[in-house]
Amino acid sequence: MDHGSSTTDIHRRPLGVFDSGVGGLSVVAELRRLLPHEAIVYLADTANCPYGPRPAAEIRALAEQATAFLLARGAKMIVVACNTASAAGLAPLRAQHGPDLPIAGLVPAVKPAVALTRSGTIGVLATPATLRGALLEEVIARFATPAGVRVVKDSGCGLVEAVEAGALDTPATRARLQQALAPLLGAGADALVLGCTHYPFLRAGIAALAGPHVALVDSGLGVARQTHRLLHERGWSNPGPAPGRLDLYTSGDPAQVGPVMRRLLGEELPVCASWR
């Protein structure tokens with residue numbers, strides 16, 4: 001399938017970005033900082049959020065459905081702004097669409113965490129699907145194991161739902177954070193991988209509980225750099241000068257999701273319904 005690589009206006013076509021919900025807006029923020037002239041179409045698949053507990057085959061089908069939606073809106077490239085969907089669906093998406101469609105995805109930020117640890121133990125906070133996926137095991141085997149760094153993990157149960165509800169700093173969210181962080185900090189982790197795009201929105205609460213001696217790392221900047229590289233290699237970057245437009249969609253109820261998305265972005269943008 002030709003995804004438009006020969007189209008003369010490809011520079012001005014948008015990046016297609018999706019996540020299981022609103023968490024991928026943390027990646028959108030990094031993309032807009034690094035690539036301010038790129039238009040972005042963002043899809044929050046909130047009707048199916050969270051992806052974490054779902055089987056891999058179902059996550060792959062949802063990732064393909066989201067990709068098809070974004071391609072129908074002219075996306076020149078796909079950014080999988082979801083750790084869970086990257087773990088389960090990145091390789092199948094690339095295999096299905098081939099080299100004509102660049103696809104960037106998230107890799108858990110184990111490498112920078114290994115570089116930052118002084119205790120020799122790092123923590124990974126991620127969804128169940130990411131924790132059991134091969135992608136995390138690959139980066140642990142590549143970066144942590146050879147360095148003799150121990151990796152402890154927790155699924156952060158309920159944290160995705162808290163961000164989806166906009167409950168970033170409530171007693172219930174703080175209690176969930178404390179429960180998730182206790183085994184990681186108790187094991188001596190002094191670098192924490194925020195292995196879900198929702199979790200950077202809880203960074204202030206995590207930092208307050210973990211303390212100043214614990215480093216927090218996520219994959220947002222890394223995927224923005226990967227996106228920049230893939231566009232540059234193909235000569236598809238938007239030269240500007242105008243700032244890129246951001247269009248927001250949700251598979252859920254825009255009236256319910258919209259206020260949370262606007263709060264996380266700090267902008268009053270409309271949120272449209274997608275395919276449902």
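Numbering starts at 1 and runs along the sequence shown.
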- Hey, are the side chains of Val271 and Arg262 touching, using non-hydrogen atoms and a 4.5 Å cut-off? yes
- Item | Hphob cluster co-occupancy, Leu168 + Leu194, side-chain heavy atoms under 4.5 angstrom | yes
- Message: Check this for me: does any side-chain nitrogen of one of Arg176 and Glu161 sit under 4.0 Å from a carboxylate oxygen of the other?
- Response: no
- Message: Under a 3.5 Å distance rule, please check whether Ser86 uses its side chain to pair with a backbone N or O of Cys82 as donor and acceptor.
- Response: yes
- Message: Between the side chains of Glu38 and Arg13, is the shortest nitrogen-to-carboxylate-oxygen separation below 4.0 Å, so that they form an ion pair?
- Response: no
- Message: Using 0.5 Å steps for rounding, measure from the CZ atom of Phe201 to the OG1 atom of Thr173.
- Response: 14.0 Å
- Query: So with a 6.0 Å cut-off around CD of Gln96, is the heavy-atom count from everything else above 12?
  - Reply: yes
- Sequence neighbours excluded - side-chain hydrogen bond (donor to acceptor under 3.5 Å, both in side chains) pairs with any residue from residues 212-227: Arg203-Asp218
- Query: Within the side chain of Lys76, is there an N or O that forms a donor-acceptor pair under 3.5 Å with the backbone of Trp236?
  - Reply: yes
- Where do Pro146 and Ile140 come nearest, in terms of heavy atoms and distance? CD-O, 4.3 Å
- Message: Are Ile78 and Leu43 connected into the same hydrophobic cluster when the rule is that any two of I, L, V, M, F, W, Y join if their side-chain heavy atoms are below 4.5 Å apart?
- Response: yes
- Query: Of all heavy-atom pairs between Pro108 and Val193, which one has the smallest distance, and what is that distance?
  - Reply: C-CG1, 4.4 Å
- Message: Can you confirm whether Thr84 sits close enough to Ile59 that some side-chain heavy atom of one is under 4.5 Å from a side-chain heavy atom of the other?
- Response: yes
- Task: Without swapping roles, check the side chain of His37 against the backbone of Ala242 for a donor-acceptor pair under 3.5 Å.
- Result: yes
- Task: Output all residues satisfying ring-ring contact (aromatic ring centres under 6.0 Å, His included) with Tyr42, sequence neighbours left out; order by chain, then residue number.
- Result: none
- Any ion pair linking Arg142 and Glu138 (charged N to carboxylate O, less than 4.0 Å)? no
- Inspect the surroundings of CZ in Arg73 and state if more than 12 heavy atoms from other residues, nucleotides or ligands are less than 6.0 Å away. yes
- For residues Val27 and Asp19, determine if any side-chain heavy atom of one lies less than 4.5 Å from a side-chain heavy atom of the other. no
- Query: Closest approach of Thr197 and Ser26, non-hydrogen atoms and distance?
  - Reply: O-OG, 2.8 Å
- Distance col, row Asp9:CG vs Arg12:CZ, nearest 0.5 angstrom, shows 9.0 Å
- Message: Between Ile103 and Leu90, is the side-chain contact (heavy atoms from CB on, under 4.5 Å) condition met? List the steps.
- Response: CA-CA 8 Å; Ile103 302 176; Leu90 197 56; 3.7 Å; yes
- Heavy atoms, side chains only, cut-off 4.5 Å: are Ile206 and Leu216 in contact? yes
- Under 3.5 Å: donor-acceptor pair, side chain of Thr250, backbone of Gly252: yes
- Can you tell me if Arg245 uses its side chain to pair, donor with acceptor, with the backbone of Ile40 under 3.5 Å? no
- Message: So, taking the atom named CZ in Arg174 and the one named CG in Leu181, what distance separates them when rounded to the nearest 0.5 Å?
- Response: 13.5 Å
- So which heavy atom on Ala113 is nearest to which on Ile122, and how close? O-CG2, 3.7 Å
- Arg234: partners by side-chain hydrogen bond (donor to acceptor under 3.5 Å, both in side chains), with sequence neighbours left out: none
- Message: Test of understanding: with side-chain contact (heavy atoms from CB on, under 4.5 Å), list the residues that count as partners of Arg33, not counting sequence neighbours.
- Response: Ala29, Glu30
- Task: May I ask you to decide if Asn48's main-chain N or O and Arg54's side chain share a donor-acceptor pair within less than 3.5 Å?
- Result: yes
- Message: Tell me whether Gln179 at atom CD has more than 12 heavy atoms from other residues, nucleotides or ligands lying less than 6.0 Å away.
- Response: no
- With a 4.5 Å heavy-atom cut-off, do Leu159 and His198 have their side chains touching? no
- Query: According to a 4.5 Å side-chain heavy-atom criterion applied to Ile, Leu, Val, Met, Phe, Trp and Tyr, with indirect links allowed, do Val79 and Leu135 form part of one hydrophobic cluster?
  - Reply: no
- Note on the structure: Residue set satisfying side-chain contact (heavy atoms from CB on, under 4.5 Å) with Ala208, at least two apart, ordered chain then number -> none
- Task: Kindly indicate whether the side chain of Leu248, heavy atoms from C-beta on, has any atom under 4.5 Å from the side chain of Pro270.
- Result: no
- Item | By side-chain contact (heavy atoms from CB on, under 4.5 Å) - contacts of Ala126 (at least two apart) | Val124, Thr130, Leu131
- Query: How close do Gly123 and Ala189 get, heavy atom to heavy atom, and via which atoms?
  - Reply: N-CB, 3.6 Å
- Message: Nearest 0.5 angstrom please: Ser237 OG to His228 NE2, how far?
- Response: 5.5 Å
- Message: Ignoring hydrogens, what is the shortest heavy-atom contact between Gly205 and Leu177? Give both atom names and the distance.
- Response: C-CD1, 4.0 Å
- Rounded to the nearest 0.5 Å, what separation is found between the CG atom of Leu125 and the CG atom of Asp154? 6.0 Å
- Query: Given Phe143 and Val149, is the side-chain contact (heavy atoms from CB on, under 4.5 Å) satisfied, shown in steps?
  - Reply: CA-CA 8 Å; Phe143 299 112; Val149 170; over 6 Å; no
- In terms of hydrophobic clusters joined by side-chain contacts under 4.5 Å, are Val214 and Val152 together? yes
- Message: Under a 3.5 Å distance rule, please check whether Asp247 uses its side chain to pair with a backbone N or O of Val41 as donor and acceptor.
- Response: no
- Task: Using the side-chain contact (heavy atoms from CB on, under 4.5 Å) rule, take Val217 and Leu192 through it: C-alpha gap first, then chi angles, then the decisive distance, then the call.
- Result: CA-CA 6 Å; Val217 293; Leu192 298 181; over 6 Å; no
- Task: Indicate yes or no: at least one non-hydrogen side-chain atom of Leu31 is less than 4.5 angstrom from one of Val17.
- Result: yes
- Query: Can any side-chain N or O of Thr46 pair as donor or acceptor with the backbone N or O of Cys49 at less than 3.5 Å?
  - Reply: no
- Give the C-alpha distance, both sets of side-chain angles, the deciding distance and a yes or no for side-chain contact (heavy atoms from CB on, under 4.5 Å) between Thr145 and Val151. CA-CA 9 Å; Thr145 304; Val151 180; over 6 Å; no
- Aromatic centroids of Phe69 and Tyr249 separated by under 6.0 Å: yes
- Salt bridge present between Glu64 and Arg94 (N-O < 4.0 angstrom): no
- What distance do Leu71 atom CG and Met77 atom CE have between them, rounded to the nearest 0.5 Å? 12.0 Å
- Query: Hey, are the side chains of Leu264 and Met261 touching, using non-hydrogen atoms and a 4.5 Å cut-off?
  - Reply: no
- So if you build clusters from Ile, Leu, Val, Met, Phe, Trp, Tyr with side-chain heavy-atom gaps below 4.5 Å, do Leu184 and Val114 land together? no
- Query: Would Ser20 and Asp45 count as a side-chain hydrogen bond (donor to acceptor under 3.5 Å, both in side chains) if you check the C-alpha gap in whole Å, the side-chain angles of each, and the deciding distance to 0.1 Å?
  - Reply: CA-CA 5 Å; Ser20 63; Asp45 189 15; over 6 Å; no
